[in-house]
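Atom set for the values below is all heavy atoms of this structure, side chains included, hydrogens, waters and symmetry mates excluded. Naming: A, B, ... by sequence-line order, numbering from 1 per chain.
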Amino acid sequence: MEIKKISDYIWEIPATEKEGMRVPARIYATEKLLHEMDSGVFEQITNVACLPGIQKYAYCMPDGHQGYGFPIGGVAAFSKEDGVISPGGIGFDINCGMRLIRTDLTVSEVLPRIRELVDLLFKTVPAGVGSKGLMKLSVEELKQVMIRGVDWCIESGFGWERDRERIEENGRISGADPSKVSEKAISRGISQLGTLGSGNHYLEVQIATPENIFDKSMAKALGIFENQAVIMVHCGSRGFGHQVGSDYLRIFDTAMKKYGIVVRDRELACAPFNSPEGQDYFKAMKCAANMAFANRQVIVHRLREVFSEVFRREPEDMGMDIVYDVAHNIAKIETHEVDGVEKELVVHRKGSTRCFGPGRAELPEIYRKTGQPVIIGGSMETGSYLLVGTEKAMSETFGSTMHGSGRTMSRAAAKKKVTGSEIKKKMEEEGIIVKSTSMTGLAEEAGFAYKNISEVVDTMEMAGVSRKVVRLKPIGNIKG
DNA sequence: ATGTAC
């Protein structure tokens, strides 16, 4: 496939490269990262470029790797009038996302208690495949979670009023309709609120060491200081969102025949955004997105309780505010400029993060000047990043950047190279206390199975799309 | 990612 170099960090596959491409594909990567990408990424991103109503470019971020239909690390915006919505462009784990909590605690206060913290967090936050929460919700309550997300949590005692504005969409996307969610999804979701899940989902205690703060004044504006302890939560909508995705993939299979949509890969199943099927999926997707925001909210409430127990102080007195909460797998209606005209678009981000620049109306007052905080999860061994969005992101990538490191190795390949207990031992030697429900899961998530997070983050920094604020080093990890 | 298959 012909790949044109646009700059040191942007590569383009022309629309002439494949029959049916409506727009070119653009890949953000260094030459090294580009060469490391699997060929499936190029096949998939050019398939996405063929979908009806796609605008400007089909994008792949530097953490891109092959996924279901669309690459993970993909961004695609479709016309609201004559474009489509596709579950493959959002991901099975709807609103899988990342939340960062700050504290007033320093490394010297937290380090002596880290084993105690990790043990208690592990006991308090259910993790692993099929994990069930400690809450008993009625169907009516789960429907309230679907409609009202974090608002339901705060009213039910799981959080603070001021948490709301520090979450994308205030933790509640309007237009969610539980009547569009199957009984099966409800029965799977009913016991899953407040649970971490498995795979790459985790809860991590991290440190902002002085050498890792890249922009001191920006860090201060986001509530970050030298040698501070912070907590990162990575999880999504569990089996609930997964079921919503599966249900609508089947519905879209027949809907495509009805609307005469032909796709290059069955995994690209989609429906016109304005069709009844497309609208139903969007309403169900919002239910799962609100459930995921609520899931992270309940987990954060629990971890505030754990910190309170260990440090014998109220969470408010330890400054345990949310820095921000971002969605990594979602579609949203957003206004962006296309060919000099403001248009409402259906922006699909799958393994990609919104990174709006300063001034956007969607940002809360506290971040209107800084730009949107962006939380990037690395592998459990190598650390994570807090970034901010830029003006350039708005004109270049529909206000989007990467979401994490991206895998370089399959789970099966990682398990062949190392055992879970070897990884656990190695991490302890590196100063990271880890506790997991699954030893094979630990092996699958080994740092070497992922791209170098700094290289990925630097790519988007050099491209001018997102700016580094701080790198966060893990000291304790709870993994599903 | 996922009651790792209907």
Side-chain angles (χ1 to χ4, degrees), chain A residues 40 44 63-74 86-99 125-133 137 142 181-203 233-251 253 266-267 269 284-285 287-289 291-293 295-296 299 326-331 348-353 377 379-380 402-407 409-415 420 436-445 449-450 478-480:
Chain A
Q44 290 190 324
D63 52 343
H65 53 113
Q66 194 174 345
Y68 182 92
F70 290 57
I72 295 156
S86 174
I90 292 161
F92 276 96
D93 190 4
I94 295 165
N95 192 6
C96 176
M98 203 65 92
R99 185 182 289 206
V125 181
V129 183
S131 56
K132 290 191 172 171
L137 289 190
L142 182 60
V181 172
S182 71
E183 295 280 332
K184 200 172 173 185
I186 290 171
S187 74
R188 285 181 74 173
I190 197 117
S191 56
Q192 294 185 316
L193 198 64
T195 64
L196 203 52
S198 66
N200 64 358
H201 288 165
Y202 61 78
L203 195 169
V233 180
H234 180 213
C235 67
S237 51
R238 308 287 333 290
F240 179 72
H242 194 275
Q243 191 62 47
V244 169
S246 305
D247 290 339
Y248 280 92
L249 276 169
R250 270 179 72 175
I251 293 167
D253 239 5
R266 202 175 166 189
E267 294 183 354
M285 184 216 74
C287 290
M291 189 277 191
F293 283 133
N295 194 26
R296 293 195 282 276
I299 289 171
V326 295
H328 283 165
N329 281 1
I330 203 161
H348 290 56
R349 297 192 182 90
K350 179 197 196 175
S352 163
T353 318
S379 79
M380 61 186 183
M402 77 247 116
H403 83 304
S405 315
R407 292 195 79 91
M409 197 183 281
S410 71
R411 292 180 177 276
K415 274 187 286 195
S436 173
T437 58
S438 155
M439 274 300 172
T440 54
L442 268 185
E444 289 172 2
E445 291 300 318
Y450 282 89
I478 284 87
K479 219 197 67 58

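In this pair, A/H328 and A/H403 present their aromatic rings perpendicular. The plane angle is above 60°, beyond the 30 to 60° band.
Between A/E445 and A/R250, the residue anchored closer to the 5' end of DNA chain B is A/E445, taking for each the nucleotide with the nearest heavy atom.
Atom OH of A/Y248 sits about 11.5 Å away from atom CE of A/M285, to the nearest 0.5 Å. In this structure, CZ on A/R349 lies 13.0 Å from CE on A/M402, to the nearest 0.5 angstrom.
Following rounding to the nearest Å, A/Q243 (CD) and B/dT4 (P) show an atom-to-atom distance of 12 Å. Distance CD1 (A/I72) to P (B/dT2): 13 Å, rounded to an integer number of Å. In this entry the distance linking NE2 of A/H242 with P of B/dA5 reads 10 Å, nearest Å. As rounded to whole Å, 16 Å separates atom P of B/dT4 from atom NE2 of A/H201. The nearest whole Å value for the distance from the OH atom in A/Y68 to the P atom in B/dT4 is 17 Å. At whole-Å resolution of the value, CG in A/D93 and P in B/dT4 are 16 Å apart. In this entry the distance linking CZ of A/R411 with P of B/dT4 reads 15 Å, nearest Å. Atom P of nucleotide B/dC6 and atom CG of A/L249 are separated by 13 Å, given to the nearest angstrom.
Residue-level contact check: A/E444 touches neither bases nor backbone, having no heavy atom under 4.0 Å from any strand. Residue contacts for A/K184: at a heavy-atom cut-off of 4.0 Å it reaches a base atom on one of the strands shown. Within the nucleic acid shown, A/G197 comes within 4.0 Å of sugar-phosphate atoms alone, with no base atom in reach, counting heavy atoms only. A/G239 comes within 4.0 angstrom of sugar-phosphate atoms only, judged by non-hydrogen atoms across all strands, and of no base.
Under a 3.5 Å cut-off, the side chain of A/N95 and the backbone N or O of A/A289 do form a donor-acceptor pair.
Between A/S198 and B/dT2 there is a side-chain polar atom (N or O) within less than 4.0 angstrom of OP1 or OP2.
The nearest pair of heavy atoms linking A/H201 to A/D93 is CE1-OD2, 2.9 Å.
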